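Report on one structure; see the data block that follows.
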Amino acid sequence: MPEPVKKTVSAFAKKPKTQVAEEGATVVFETETEKPDAKVRWQCNTKDLVSDDKYVIKADGNKHSLTIQAVTKEDGTAYAVIAGGSKVKFDLKVKEKEVMEEVKLELKEKVKEEVKEKQEEAQSGAGDPAAPDPAATYTVAPAEAPTPAETPASADTTPAAPQPGANIQAHDTPGFDESQAPDTKTDLTGLFTEKPQSGEVTVGENINFVAKVNAASLLKKPTIKWFKGKWMDLASKSGKNLQLKELYDRNSKVYTFEMQIIEAKPSFAGAYRCEVSSRDKFDSCNFDLTVHEARAVEGFDIRAAFRRTSMDGSEEAGELDFSALLKKRDSCFKGSPGHRASKSQVKSEPDEDVWEILQKAKASEYEKIAFQYGITDLRGMLKRLKKMKKEEKKSEVFLKKLDPAYQVEKGHKMKLCIEVANEDVDVKWLKNGQEIQSTGSKYIFESVGNKRYLTINHCSLSDDATYTCVVGDEKCTTELFVKEPPVTITSNLEDQMVMKGERVELECEVSEEGATVKWEKDGVELTRDESFKYRFKKDGRKHVLIINEATKEDCGHYTVKTNGGESMAELMVSEKELEVYQNIADLTVKAKDEAVFKCEVSDETVKGIWYKNGVEVKADARTHITHIGRIHKLTIDDVKPEDQGDYTFVPEGYAFNLSAKLNFLEVKIDYVPRQDPPKIHLDCMGHTADSTIMVVAGNKLRLDVPITGDPAPTVVWTKGEKAGSEVAAETWSIKDGDVMTEGDGRLHVESTKGHCIFTIEGADKQDEGVYSVIVRNPAGEDKADINVKVVDAPDPPSAPRILSVGEDSCVVQWDPPKSDGGNPIIGYVLERKKKKSYRWMRLNFDPYTDTTYEAKRMIEGVEYEMRVYAVNAIGMSCHSAASQPFIPVAPTSEPVGLCVDDISDTTISLKWRTPEHLGSSELDGYGVEYCKEGSDEWVPAFEGLTERTSVIIRDLPTGEKMQFRVRAYNTAGPSAPTSLAQAVTIREIMQKPKIWIPRNLRQTLTKKVEETINLVIPFQGKPRPVITWSKDGEPLNPKQVSVRNSDTDTILFIRKSERKDSGKYEVKLQIENVEDTASISIQIVDLPGSPEKLKIMDVWGFNVALDWKPPKDNGNCEITGYMVQKADKKTMEWYTVYELYRRTNCVVADLIMGNEYIFRIYAVNMVGLSLEPCFSADSAYIQKTGFEYKPPTYKEHDFSEAPKFTHPLVSRSVIAGYNATLSCSVRGIPKPKVTWYKNKMDISNEAKYRMFSKLGILTLEIRKPCLFDGGVYMCKAVNASGEDVVECKLEIRPPGTFPQAQITKEEKDKQMNKAD
């Protein structure tokens, strides 16, 4: 079971979003952080921003903002905001201002004048029924966004006035709503992060198509191709009207590909395709380009349509463009009086296959057929036709050829099959043109009858090639694509808890060797930085993230991602706590003896300082300070009385110390010439004869007892079973310094002048007891008892028990250890691990005193184990046995929305919604129970569980009041129940019939002719009512109208509506004597008829007055206006004068003198324009006055410019054997001639150097330079206006060396580290 992914913790509560702004505007980006004291940095293209006149950065608590003043095109780039370990990226997109202010002002002035005129007319002639309402006369809408009611004809005849040279993006098409655009960044498959969108453009304007590819997971730069149709590669068509661009953002690792169409032509319209590939990965997408005509045309010269569009003015060059001709032809036919084709006639024309006609036709008729059927790309048509004719030719050798392409997954088997006409013929199989040899089991050749097989076993990426089968002189070819399976993670990351300063290794294992993975921390990608904080290691299928010297900032969630999955782990870093394994003890020594203070700590690297009475101890001839591993020693030779005092050891960097006292024992021996009775001197050890000494198990026990006596006494050591016992368990004796009795090898008894010493190496629990020392000589004896207590770490506790589990926690309990090791238990330490993992993670660093603990921050649905350590003052016990595996799972929340759906005399129907919180465990089902009111005995409604959220309970007692409840079940058990608010009586309820008319049907429903009508009318009523439909008081015609009824609604359906279907429809529900009725009005509308009797009433100056009558047929709806058009009789090109004119008379102004005009008018209603216009019977001639035109003279501008380097050469230091490049940029008109020099010697003709020049960028490539290629390189640019020179120095250094500047920097860094 894969490990659940943890939710990444972000430092932001509100993130800034990408914005679009016009040039010169002010943009504000706002964000909010989780913590009010978080430090926030703003970046632009990975560079930190500071507050100035351009950028204003503000912070108010947890609210932060970035304001960009006077936005320019250069500000349109990538931005980011950083807080802690979280980084959020966003963009600013800058658009050009639309310069159409003059056009808008003119339109506004015209509207104001016309509204004013209409108001005056309305006041003068209030009784005129044709006078329109001035408040609703005109509404000026932008030309770029036509209303949805516009028909294609109106859109063509009222084009937008394009700004010259304006670039129209594919998203800026008419009617495009960015909020409705598909989010290509979140709903993508394949390689594209942003796909080119279909667009519309007017003839002569520009349009851009943009595609973006994220190369973060790609091993090779992606290759892109643009196609028109199915076969035309646009890379070869790049030029004046088509430009292809490519950009790369190193920060986001995104390639941006642009296709710009300049001065669009009608022939550019059609389907386009964009393909991108990278090694074995491939993706493609289709989009369309629609090119609108600038104006509708009527009356044209048909010969002009066949003229070629030429760049140099000659009529022989260029290409034939049929699209304009076809559109003119359509508009001409529509405008002719004889054009009366109805919709039924158009639909009755049979669809013809153009390619079948072309295959049967002669070559001389191709242009005629292309013109007739609107084919604009004549060359593409001929190529496809030629290809189709070739395909028709059947092979005499092959009965069945290979398919064009095959695809197989890596590691699988592929079988290619052909059929030949002759069974005895031999075939050859080729791979990329080379014959395949039958060696080994990789390729298997088979021949079965007339079938030939090639089997490729264990396909790899090297098998991705072109395969050809050759029979005699004929062959067939196919492409084999080997699909590499996604790289999955086979071994997940493990959670880790480390101490500050330790090295961390996060390791995972993937399914493929050499796979590329991406590491992230809290959602931010990790890279190798200059401080080498993060290191990435690959070892076969293993990938390791190494963090040197972990700090608190490294805490977080780390994710490793492949193209087939991801794994997340949590890293927790804690401050180091120094543990003391052995404390320094008080010492009592005699003069000239050696005093040794010794302590042991947990960290070998910790240093410390020794103090005596608060003064630092310095090493000298008698004082020695040593530090070996974890042990620190202070040794004082030849102890003197002044050495007595308090000694302290202070570890560096920690706020505690270890202290002990040195007691100086001054032994006074009175000289007695004769015998002196023996005496034991134990006053320094607690000033009592009975003293207790504690020793840690495993340490040395050394009892050093001062004695006196003359002659030298015999020393006897005895050990009792326990303190106060008189029975001696063991005895050791010493006489005259010789050991009389010996114990085991751990025990050592020795005697020196004035001392008797008892030593046990590696004391353990059995050495605990009362030790007695007896000294005897002829003058007497003395005895002293010493109580020795051996303390140790406690025994391990019992295996922990899991009392309960929650969504992300559990409650664990354990029993104390059987033995506390002689010291009381101060607490417990707990650890947990995932069942499939080997790494235990500590849950607490401070000892926990209780024996019941709630462990949190676990992942729901993952199996865990727990174990416990006991801790006392001596140390930590061994770990307990692991607990039984458990899974944190919480029951679901209760189901919601329980209600009664239906009820009868013996049944009830209940329904509810799924619980709001389900958790990680799957929902097993629902249990339904019921009981009688007043009873606590709940009875299951059915056996087992149901997965549905509704149920029908049957066989209930009639008339009883019942209560119902529902529970949700998962692996953790049942949820809390949800019950009905009150008991329900089991009895069917009589329900009156009621019709619920939808809101949209409460007004008149308007539909166009031949549209489908589907009315769904819901109702209620029990038992099922009788439903009756009628129209205008008469029954419905079943041949025209269909009615379908159910228990809850009735449906009226008309497949193709007609004008006669208009009317008032009434539906009636009846249950016994109770009924309910409702009515619905339907209006079927159609195109209006043509206006009538268009007359030219008057002609004066440049104006013509027109008058006409409304059409007889208004299409069953109100006439919303009239479209008035004019045409010059010379060109017969029609131009719209008024688009939606309300009155039946108008004045056409601004006519051109000397021209003769005719006019036509269309009627407009809510459906559209009338099919036919009404033409003026007469024409209007505008009188002409003569004048002479004098063209202005212009002085030719000199564009020549001397060469100038805009970017100089930069001196470089490179490693020998690796290709090196030098780059600069130059400008000049005419294009300057460029020459490269090395040490002032021309190198233009030397094969070692390659020179490139692209768009003014000059590059010199030096192939595998050696040490002799270093020197001064110069680039010289010359044209007729002058010359310019730029030079740089190139240093070639052997491999393994560094530039002098870099070595100096590293040495400085080392010196600074030593100083620290």
Side-chain angles (χ1 to χ4, degrees), residues 110 114 117-118 121 125 128-132 137-138 150-158 295-300 328 330-342 1086-1183:
K110 282 188 177 181
E114 291 179 1
E117 291 176 4
K118 296 180 188 303
E121 293 175 3
D128 186 3
T137 304
Y138 285 101
E150 282 184 281
T151 62
S154 65
D156 288 340
T157 56
T158 60
R295 57 180 61 89
V297 179
E298 177 145 338
F300 61 91
K328 293 175 184 177
D330 291 342
S331 61
C332 182
F333 289 160
K334 289 179 181 179
S336 63
H339 184 62
R340 298 289 187 270
S342 63
D1086 199 358
L1087 293 174
S1090 301
E1092 297 181 347
K1093 299 180 180 179
L1094 174 59
K1095 298 178 182 180
I1096 298 175
M1097 305 302 294
D1098 193 7
V1099 178
W1100 73 97
F1102 304 107
N1103 307 311
V1104 174
L1106 302 177
D1107 187 80
W1108 65 91
K1109 293 188 179 299
K1112 293 182 179 179
D1113 182 10
N1114 62 358
N1116 200 24
C1117 62
E1118 180 187 1
I1119 299 295
T1120 58
Y1122 300 91
M1123 177 181 288
V1124 182
Q1125 293 183 339
K1126 66 180 179 180
D1128 185 1
K1129 292 192 71 174
K1130 295 178 182 178
T1131 61
M1132 289 304 294
E1133 294 181 355
W1134 290 96
Y1135 296 90
T1136 300
V1137 180
Y1138 298 106
E1139 188 172 358
L1140 283 175
Y1141 193 78
R1142 305 281 296 188
R1143 293 186 291 175
T1144 57
N1145 52 73
C1146 70
V1147 175
V1148 180
D1150 298 332
L1151 299 177
I1152 299 173
M1153 68 177 65
N1155 290 354
E1156 188 175 0
Y1157 292 90
I1158 61 173
F1159 304 90
R1160 68 181 183 186
I1161 298 179
Y1162 290 90
V1164 183
N1165 65 2
M1166 63 181 299
V1167 181
L1169 295 176
S1170 58
L1171 290 175
E1172 300 296 336
C1174 176
F1175 291 89
S1176 61
D1178 303 325
S1179 61
Y1181 180 75
I1182 308 301
Q1183 297 296 328

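Please read all numbers here as calculations on a predicted model, not as lab measurements. In this chain, residues are counted from 1 in sequence order.
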Practice task
Apply side-chain contact (heavy atoms from CB on, under 4.5 Å) to the pair Glu1092 and Lys1112, showing each step before the final yes or no.
Solution key: CA-CA 8 Å; Glu1092 297 181 347; Lys1112 293 182 179 179; 3.1 Å; yes
Fill in the blank from the handout: The reported gap from CD in Glu1139 to CG in Leu1169 (rounded to nearest 0.5 angstrom) is 8.5 Å
Handout entry: Gap between atom NZ of Lys1130 and atom CD of Glu1156 - 0.5 Å precision
Key = 9.5 Å
Completion exercise
Value for OG (Ser1170) from CD1 (Ile1119), rounded to nearest 0.5 Å, stands at 8.0 Å
Handout entry: Minimal non-hydrogen separation, Ile1182 against Phe1102, with atom names
Key = CG2-CD2, 4.0 Å
Completion exercise
Across all chains, not counting sequence neighbours, the ring-ring contact (aromatic ring centres under 6.0 Å, His included) partners of Tyr1122 are Trp1108
Exercise for the section: Given side-chain hydrogen bond (donor to acceptor under 3.5 Å, both in side chains), test Tyr1135 with Glu1133 step by step and report yes or no. Expected result: CA-CA 7 Å; Tyr1135 296 90; Glu1133 294 181 355; 3.1 Å; yes
Practice task
Determine whether Thr1136 and Met1123 make a side-chain contact, defined as any pair of heavy atoms from C-beta on separated by less than 4.5 Å.
Solution key: yes
Completion exercise
What one should report as the nearest heavy-atom pair of Pro1088 and Ala1163 is CG-O, 3.5 Å
Problem - Arg1142 and Glu1118 ion-paired at < 4.0 Å - result: yes
Exercise for the section: Decide yes or no for Pro1110 and Thr1144: does some side-chain heavy atom of the first lie under 4.5 Å from some side-chain heavy atom of the second? Expected result: yes
Handout entry: Derivation and outcome, side-chain contact (heavy atoms from CB on, under 4.5 Å), residues Leu1094 and Leu1106
Key = CA-CA 7 Å; Leu1094 174 59; Leu1106 302 177; 4.3 Å; yes
Practice task
For a side-chain contact (heavy atoms from CB on, under 4.5 Å) with Gln1125, tell me which candidate from Phe1159, Phe1175, Tyr1162 qualifies.
Solution key: Tyr1162
Practice task
For residues Tyr1181 and Gly1154, report the shortest heavy-atom separation together with the two atoms involved.
Solution key: CE1-O, 3.6 Å
Exercise for the section: Measure from the side-chain N and O atoms of Asn1165 to the backbone N and O of Asn1114, and report whether any donor-acceptor pair falls under 3.5 Å. Expected result: yes
Problem - Inter-residue atom distance Cys1174.SG - Lys1109.NZ, 0.5 Å rounding - result: 11.5 Å
Exercise for the section: Grab the two heavy atoms, one from Lys1126 and one from Ala1149, that are nearest each other, plus how far apart they are. Expected result: NZ-O, 4.5 Å
Fill in the blank from the handout: To the nearest 0.5 Å, atom OG of Ser1090 lies from atom CG of Asp1113 at 10.0 Å
Problem - From Val1148, Leu1151, Asp1150, residue fulfilling side-chain contact (heavy atoms from CB on, under 4.5 Å) relative to Val1137 - result: Val1148
Completion exercise
Hits for side chain to side chain donor-acceptor pair (under 3.5 Å) against Asp1128, two or more places apart or cross-chain, chain-then-number order -> Asn1155
Exercise for the section: Show your reasoning for whether side-chain contact (heavy atoms from CB on, under 4.5 Å) applies to Val1099 and Tyr1157. Expected result: CA-CA 11 Å; Val1099 178; Tyr1157 292 90; over 6 Å; no
Problem - Gap between atom CD1 of Ile1096 and atom OG of Ser1176 - 0.5 Å precision - result: 4.5 Å
Practice task
Using the side-chain contact (heavy atoms from CB on, under 4.5 Å) rule, take Asp1098 and Val1104 through it: C-alpha gap first, then chi angles, then the decisive distance, then the call.
Solution key: CA-CA 6 Å; Asp1098 193 7; Val1104 174; over 6 Å; no
Exercise for the section: Answer yes or no: is there a side-chain heavy-atom contact under 4.5 Å between Tyr1138 and Cys1146? Expected result: yes
